[in-house]
There are 2 protein chains.
Amino acid sequence: MGYGNVSERRRGQPDLGVSVVILALGDAACAAPDAQAADGEWSRARLWLPLVRRVKQPFAGCWALPGGGVRADESLERAAYRALESTTRLHPRYLEQLHAFSGPDRSHGGLPMVTIAHWALVGRAETHDFASDGTVRWFAEDALDSLELAFDHRRIIDHALRRLRTRIEVPSLVARLVGPTFTLRQLHDVVEAVSGQGIDLANFRRKMLASGQLEDTGRKRREGRQRPAAVYRYVAAADPWPYAWEGERLDALDPASRGTGAGEDGVADSADDALSALMPSR
Amino acid sequence: MGYGNVSERRRGQPDLGVSVVILALGDAACAAPDAQAADGEWSRARLWLPLVRRVKQPFAGCWALPGGGVRADESLERAAYRALESTTRLHPRYLEQLHAFSGPDRSHGGLPMVTIAHWALVGRAETHDFASDGTVRWFAEDALDSLELAFDHRRIIDHALRRLRTRIEVPSLVARLVGPTFTLRQLHDVVEAVSGQGIDLANFRRKMLASGQLEDTGRKRREGRQRPAAVYRYVAAADPWPYAWEGERLDALDPASRGTGAGEDGVADSADDALSALMPSR
DNA sequence: CCAAAAGTGTTCATTTTACACCCATGT
DNA sequence: ACATGGGTGTAAAATGAACACTTTTGG
């Protein structure tokens, strides 16, 4: 840094950074920490995400995705995790690369920046009741329009939301979003809320169970005042799977496997389904 | 560059580069340019990709993916395209980000490098009969094992191949791989070859046609000495589609739309198929 | 017993698969 | 005419959607 002027440096390497879209479930009364809703009781779940208020130019005062620079001695996922931790204290159990955003237009006074966007899912328990500590604040996904977002972060968020919506039925994703244990109805409600369309509970139940990735904990949980429902836990399939989602790596990044960079969350892709559907383009 | 030693710079920003896996179809006799096979006649198509021989350390003498650095005043896709052009003279009509590879282990003497891998598809016509000009050479995908590849490029190639195999039935992809015009049997043979499994021709034909993305050119083409087959062309669906593949952008990058960075090759995702299949993980 | 949610069954439509068949063309 | 691939029809199987029904619980 510090050598040459900006226009000279445009021929050199752009800056490199990571941003993370962290998604969590919450109800209407989330922002305020009057935590009356115990153990998985939410009225009409919505997606929430934490944003950080910028103090420096450009976009001072605007809200931005948590992010930071990348050090040469760490992976991008690690950098994303670190940025997340230092700004929001969150420890997602799911974190995956989303897309690299680049281009000459991605500069604001300085050098253009290449941002490797990641997305992460955190369970309710990890949100610390959506605590705000001044610079960090949680926003409901559908209340973002009124917000002034920094850079092209709006686009990045949309990208992440689109990804989640098209993959929400993958058990590993719903499960991570809803928490470590859950009833089938909870799962169902989340998928319905996120995908925005009604889903037959009976069929949903069968499909999820048929995936072989849910394990009955033996425990029961009562949502309302009626018959208690079986509590399940997400458990990965035993055998290795023939296909991987886009072949994309995603580092599990929970304390156990953190740093190995090896966690693969393979998901059966097209060969059995996605690709048998012929799709459009353009 | 040029300030501080390597271990000091490890705390700074890593190097940034792009690599491209270019895939094309070819038959056994491709490497040698005895171009007897005219107009789409290939015996047992296989995937081929061009590699570049490294002249510098590290990995001098090994084969590597075409690639290069990224300038601040261009997008990653553009950088990938430029690198491709300068090393191989290829002009793919399909080029998409694949994944960003990173990590402290991705250094070889110098600073660790973050590589944004891309993948590209080129039609037969664009391969210049797989011409080799000394440093560039085409290799069949299944003949790579005997090769010494530089860096972790083997992994990147596998990533691209996996991606192609799981998406090969998407009309836009097959079509781009096979060339501007084609018969349904050609398409079929390619999908069969790439996916590695037999596909009923009758059903394949109906599915492709039902996608609404193939347009009859009115012309006929005779493959053997029998009845000529209708020649189709790939044409994107008119209406915008509700889902996009992972929401990933892919820049069309053909001379017409190049530089706009706007070409979206949306592909219906899971909401109708991929995600209805419940899948595993980890 | 009633209300409400858990959980199971059953039917019907749609899609996929397998494979038989007819058609067009050059020899 | 016949061999060969182009192209169509169709019945069985598998999957998915809709919805009726039984069970368990607290009041």
Side-chain angles (χ1 to χ4, degrees), chain A residues 39-44 168-171 178 181-192 195 197-212 214-232 268 270-279, chain B residues 39-45 169-170 178 181-192 195 197-212 214-232 268-279:
Chain A
D39 199 56
E41 165 102 33
W42 41 55
S43 60
R44 208 136 25 160
I168 187 59
E169 290 206 29
V170 175
V178 88
T181 64
F182 42 80
T183 67
L184 285 173
R185 173 173 287 268
Q186 280 180 314
L187 235 48
H188 168 264
D189 289 353
V190 168
V191 172
E192 251 192 4
S195 72
Q197 53 193 292
I199 297 168
D200 184 286
L201 179 57
N203 295 329
F204 176 83
R205 152 192 300 281
R206 272 184 291 252
K207 246 205 267 190
M208 287 309 267
L209 258 10
S211 77
L214 301 190
E215 187 184 57
D216 194 331
T217 62
R219 286 184 293 139
K220 302 275 177 190
R221 182 182 299 171
R222 190 162 44 243
E223 290 289 335
R225 265 153 302 282
Q226 302 75 27
R227 171 178 177 180
V231 174
Y232 291 85
S270 19
D272 25 11
D273 280 68
L275 300 186
S276 53
L278 301 176
M279 308 134 189
Chain B
D39 200 55
E41 164 105 31
W42 41 56
S43 59
R44 209 138 23 162
E169 289 205 30
V170 174
V178 88
T181 63
F182 42 80
T183 68
L184 284 173
R185 173 172 288 268
Q186 280 180 315
L187 236 47
H188 168 263
D189 289 353
V190 168
V191 172
E192 250 192 3
S195 73
Q197 51 194 293
I199 296 169
D200 186 288
L201 179 57
N203 296 329
F204 176 82
R205 154 191 300 279
R206 271 184 291 252
K207 247 205 268 189
M208 288 309 266
L209 258 11
S211 79
L214 301 189
E215 187 184 57
D216 194 331
T217 62
R219 287 184 293 141
K220 302 275 177 190
R221 183 183 299 173
R222 191 163 39 246
E223 290 289 335
R225 265 154 302 282
Q226 302 74 27
R227 172 179 178 181
V231 174
Y232 291 85
D269 197 8
S270 18
D272 27 11
D273 281 68
L275 300 187
S276 55
L278 302 175
M279 307 130 189

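All chains are named by letter (A, B, ...) in the order of the sequence lines, taking the proteins before the strands, and each is independently numbered beginning at 1. Here the structure is a predicted model, which means the values were calculated and not measured.
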Worksheet item: What string of B, S and - do you get for nucleotides 19-27 of chain D, 5' to 3', when a contact is any protein heavy atom under 4.0 Å?
Response: B---BBSS-
Worksheet item: Separation of B:Arg185 atom CZ from D:dT4 atom P, in whole Å?
Response: 13 Å
Item to complete: Quick one: pull up NZ in A:Lys207 and CG in A:Leu214 and give me the separation to the nearest 0.5 Å.
Response: 13.0 Å
Worksheet item: Roughly how many Å is it from NZ in A:Lys207 to P in D:dA14, rounded to a whole number?
Response: 19 Å
Worksheet, complete the sentence: Taking five pairs at each terminus, the helix from C:dC1-D:dG27 to C:dT27-D:dA1 shows an axis bend, to 10°, of 10°
Fill in: Atom pair CZ (B:Arg206) and CG (B:Asn203), whose distance is rounded to the nearest 0.5 Å
5.0 Å
Practice prompt. Could you pull out the closest heavy-atom pair between A:Glu192 and A:Gly198, with the gap in Å?
Written response: OE2-CA, 3.3 Å
Fill in: pair A:Gln186-A:Glu223: side-chain heavy atoms closer than 4.5 Å
yes
Worksheet item: In whole Å, what is the span from the NZ atom of A:Lys220 to the C1' atom of C:dA5?
Response: 13 Å
Practice prompt. Hey, could you give me the CD/CG distance between B:Glu169 and B:Leu187, rounded to the nearest 0.5 Å?
Written response: 10.0 Å
Worksheet entry | From CG (A:Asp200) to CZ (A:Arg205), nearest 0.5 Å | 11.0 Å
Practice prompt. Report the distance from atom CE of B:Met208 to atom C1' of D:dG7, rounded to the nearest whole Å.
Written response: 16 Å
Item to complete: Give A:Arg205 one of three labels, base, sugar-phosphate or nothing, depending on what nucleic acid heavy atoms sit under 4.0 Å from its own.
Response: base
Fill in: Nearest-Å distance for atom pair CG/P, residues B:Leu209 and D:dG6
14 Å
Discussion item. What is the distance, to the nearest angstrom, from the CZ atom on A:Phe204 to the C1' atom on C:dA6?
Written reply: 15 Å
Worksheet item: Could you state the interatomic distance from NE2 (A:His188) to OG1 (A:Thr183), rounded to the nearest 0.5 Å?
Response: 11.0 Å
Worksheet item: Please give, in whole Å, the distance from C:dA5 P to A:Leu184 CG?
Response: 16 Å
Worksheet, complete the sentence: Whole-Å distance, B:Arg221 CZ to C:dT25 C1', equals 18 Å
Worksheet item: Are any of the side-chain heavy atoms of B:Leu209 and B:Leu184 separated by less than 4.5 Å?
Response: yes
Item to complete: State which residues pass side-chain contact (heavy atoms from CB on, under 4.5 Å) with A:Arg219; sequence neighbours excluded, sorted by chain then number.
Response: A:Thr181, A:Thr217, A:Val231
